[in-house]
Amino acid sequence: MAVRIQTKDFDAGAEITALRRGNPKIGAVASFIGVCRDASDGTAVTKMTLEHYPGMTEKALEKIVAEAKARWDVMEVLVVHRVGELKPTDQIVLVVVTGAHRGEAFAACEFIMDYLKTRAPFWKKEETPQGARWVEARASDDEAAQRWEPPKSSAA
Amino acid sequence: MKIKVVYLASLREQLGKSGEDLEIAPATSTVAGLRALLMARGGAWQAALAQGRALRVAVNQEMAQPTTPVKPGDEIAFFPPVTGG
C-alpha cells in the first residue's frame with residue numbers, strides 16, 4: 001500500500017527496507033520526514049492535533065503519488081501520514097521514493113511533499129500557552145506547489 | 001434531492017456541526033448554490049461561509065470549484081485550506 005494514514009509512529013528505516021525489498025534495480029532512495037516543532041510563528045507549541053477527512057485523504061494522496069510516478073522515472077513510493085495527537089519531536093509524515101537515479105527520486109519526493117501540503121485534506125490544531133489555535137495555510141506552501149505546475153503556454 | 005454535507009476542522013467548530021443530510025431543491029445545482037443556501041441560515045453560517053473567507057470544497061471527495069455541479073446522493077465537504085505535512 002503506497003499510502004497510509006495512522007495514529008502510531010513509523011520507523012523510517014524499516015519502511016525503506018520493506019520498500020526496497022532487495023530490488024537490485026534501485027540505485028537511489030530519497031526520503032523526507034516532517035517533524036513536530038516546539039514553536040510556530042514565535043509561539044510555543046506544547047501539542048498538536050492532526051485531523052483529516054477519511055476517504056478523501058487516501059484518494060488525494062494516491063492521486064499525488066500517481067502524478068509523481070507519471071512525471072518522474074521512479075519505482076516505488078510510500079507516504080505515511082500520522083493523525084491524532086502529536087508532541088514536539090514526534091514524527092508527522094514520511095515520504096520515500098526509490099528509483100534508478102537520485103535526480104528523479106529527489107524531485108518526485110519534493111513534489112509529493114509540496115502537493116501534500118496544499119492538496120491533501122489534513123488540518124493541524126496547535127495547543128499554545130494562549131490556548132488552542134488552528135494553523136493557517138501559508139502562501140509559501142502554495143508557491144512551493146506552483147513551482148511544479150506545467151509551464152503556461154505563452155499567448156501567441 | 002438528498003445530499004450529504006460535511007464540515008471539517010475550524011469550520012466544523014464554527015458551525016458546531018460535523019455534517020448533515022439535506023434535502024435541497026434540484027435548482028440548487030452547484031457548489032456555489034449550496035454555499036448560498038447554507039449562508040442564508042444566518043448567524044454563524046453567514047459568517048463562516050461568507051464570500052472572501054478562504055474555503056475549500058470537495059464533491060464526492062474530489063476538490064471542487066464553485067461551478068461544480070451538485071447531484072442527488074453527492075457528498076459535499078466544506079473546509080479551510082489544508083495544513084498537513
Side-chain angles (χ1 to χ4, degrees), chain A residues 3 5 32-37 40-41 48-64 79-84 86 91-95 109-126 132-142 144-145, chain B residues 2-22 30-32 34-35 38 43-85:
Chain A
V3 164
I5 313 297
F32 173 84
I33 298 174
V35 177
C36 181
R37 288 177 300 146
S40 80
D41 294 331
M48 71 161 65
T49 306
L50 257 151
E51 174 180 330
H52 75 125
Y53 180 9
M56 177 170 172
T57 317
E58 292 81 354
K59 282 188 206 170
L61 290 174
E62 278 162 14
K63 195 170 165 185
I64 294 167
V79 179
V80 182
H81 203 299
R82 295 177 70 191
V83 292
L86 296 171
Q91 303 187 108
I92 304 171
V93 60
L94 170 70
V95 177
C109 187
E110 193 169 20
F111 165 87
I112 290 166
M113 269 313 299
D114 285 345
Y115 267 38
L116 181 155
K117 295 251 344 152
T118 52
R119 291 164 193 227
F122 293 99
W123 300 273
K124 289 180 185 138
K125 190 178 191 181
E126 298 172 335
R133 65 177 186 192
W134 289 95
V135 173
E136 300 262 336
R138 292 172 189 275
S140 59
D141 287 335
D142 285 329
Chain B
K2 283 188 181 7
I3 57 164
K4 182 181 178 188
V5 190
V6 177
Y7 312 109
L8 292 146
S10 55
L11 193 67
R12 179 192 64 244
E13 291 188 350
Q14 286 157 22
L15 300 175
K17 215 176 188 67
S18 61
E20 58 190 312
D21 293 319
L22 281 183
T30 63
V31 163
L34 175 63
R35 184 171 174 171
L38 294 170
W45 296 86
Q46 170 82 40
L49 299 170
Q51 299 303 325
R53 293 291 302 270
L55 270 189
R56 300 288 182 267
V57 186
V59 174
N60 297 329
Q61 306 185 342
E62 296 269 358
M63 285 293 190
Q65 303 300 320
T67 52
T68 303
V70 171
K71 302 179 299 299
D74 279 354
E75 176 174 306
I76 297 97
F78 291 88
F79 47 81
V82 302
T83 58

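Since the structure is predicted, the reported quantities are computational estimates derived from the model, not experimental observations. Each chain gets a letter, A, B and so on, in the order its sequence line appears, and its residues count up from 1.
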Does the side chain of [Y] come within less than 4.5 Å of [X]'s, by heavy atoms?
X: B:Val82; Y: A:Trp123; result: yes
X: B:Glu13; Y: A:Lys125; result: yes
X: A:Lys63; Y: B:Glu62; result: yes

Legend entry - Value rounded to 0.5 Å, distance of CZ in A:Phe122 from CG in B:Leu8: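 One finds 12.5 Å between CZ of A:Phe122 and CG of B:Leu8.
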Legend entry - Rounded distance (nearest 0.5 Å) linking atom CD of A:Glu51 with atom CZ of B:Phe79: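 That separation rounds to 11.0 Å.
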What part of [X] is in contact with chain B, defined as an atom under 4.5 angstrom from a non-hydrogen atom: side chain, backbone, both or neither?
X: A:Arg119; answer: backbone
X: A:Ala120; answer: backbone
X: A:Lys117; answer: both

Inset, instruction - For each of B:Pro81, B:Ala77, B:Ala54, B:Gly84, tally heavy-atom pairs with chain A at distances under 4.5 Å, and name the one with the top tally. - result: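 Highest number of heavy-atom pairs under 4.5 Å: B:Gly84.
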Legend entry - Worked verdict on A:Glu136 versus B:Thr83 for side-chain contact (heavy atoms from CB on, under 4.5 Å): CA-CA 7 Å; A:Glu136 300 262 336; B:Thr83 58; 6.0 Å; no
Legend entry - Nearest non-hydrogen partners of B:Ala58 and A:Tyr53, listed with the distance: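 So the minimum-distance heavy-atom pair works out to CB-CE2, 4.4 Å.
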